[in-house]
Amino acid sequence: MLANERAKILFATVTHHGGHWWVSLNVEAADVHPAHQHPLRAEADHGGWVGVDRGLSAFLIAATSDGEEVARIGDAPKALRAGMARQRRLSKSLSRKQKGSAHRRQAATKLGRHHHRNTNVRRHFLHQVSNALVKTHDRLVIEDLNVTGMLRNHRLAQAISDAGWAEFARLLRYKQAWRGGDVLVAGRWFPSSKRCPECGTVRGDLNLAERVFTCGCGHSADRDRNAATNLARWGRAHHDPHRSPDPQAGGRATNARRRDGADQHPTCAGETSPDDAGTDIHTAPAA
Ligand SMILES: [Zn+2]
């Protein structure tokens, strides 16, 4: 975009963080090319909704309102899992070192560097997954975070924490806003996992060990896919064709311009604030 003069650098910030030097560029960019934006839907069009569920047995499952699974991200990348194991070893090693010693300082530096690398690997993964979703689907529904936090997938909990999922939702919203699509957040009390999409019965007794959702009406489906289907249906029923664009996602790619006058300096170099749409300076490969 810089080469095509569709973007210009406003300023750069140099910081030292996690044992590395970083140059963060603040860039003002043109809107996403119309060819990459979703076509506008007619007002009467209530279709195309895809529910995105934080699964119990997968990082993410996406399904249409008809129950068709359109995406399943089974596990975090190997590099991330290996990184988590190393992180545990390094922090154990740090805790064994004597306080105030040179060895302890060294161990702390090592851990800091590794932690930083890990964060980048995780972000890269979240960027890849969110990019894939917003490219293919213009109408997405995700669960309220307060709900997903309770249904934690323990196998992945260390690698993709609740914070990671919150980050994922943030990426999804601003990327989708850039493309002119929608991301809805289902209400906190919507029982996406426990509801039968066919007859509407809510199974209050569904426990975490049940990987297949079955209902008295005869419907049965993979538990995670079932939840995604319910979310897609929620979107179809609750979207407002007259709504204004997602305010928290910052609208289309006008964010840089709007932020021009105020709050130009990042609160903490090397991190992004929740409303900092599109300034993920450490994740250039996937951004
Ligand atoms: Zn049923």
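Below, each value reflects all heavy atoms present in this structure, side chains not excepted, and no hydrogens, waters or symmetry copies. Remember, predicted model here, so these are calculated numbers, not experimental data. Read the numbers this way: they start at 1 and go in the same order the structure lists the ligands and their atoms.
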What angle, to the nearest 10°, do the atoms SG (C199) and SG (C215) form about the Zn ion (ligand 1)? 100°

Quick check on the Zn ion (ligand 1): does H219 put an N/O/S atom closer than 2.8 Å to it? no

Would you please classify the geometry between the H36 ring and the H33 ring as parallel, tilted or perpendicular, with 30° and 60° separating the classes? perpendicular

Under a 4.0 Å threshold between the charged nitrogen and the carboxylate oxygen, would E167 count as salt-bridged to R123? yes

Do the rings of H219 and F213 sit parallel, tilted or perpendicular, given the 30° and 60° boundaries? tilted

Take D182 and R41 through the salt bridge (charged side-chain N to carboxylate O under 4.0 Å, His left out) test and state the conclusion after the steps. CA-CA 11 Å; D182 284 307; R41 283 185 183 262; over 6 Å; no

Give, rounded to 10 degrees, the angle between SG (C217) and SG (C196) as seen from the Zn ion (ligand 1). 110°

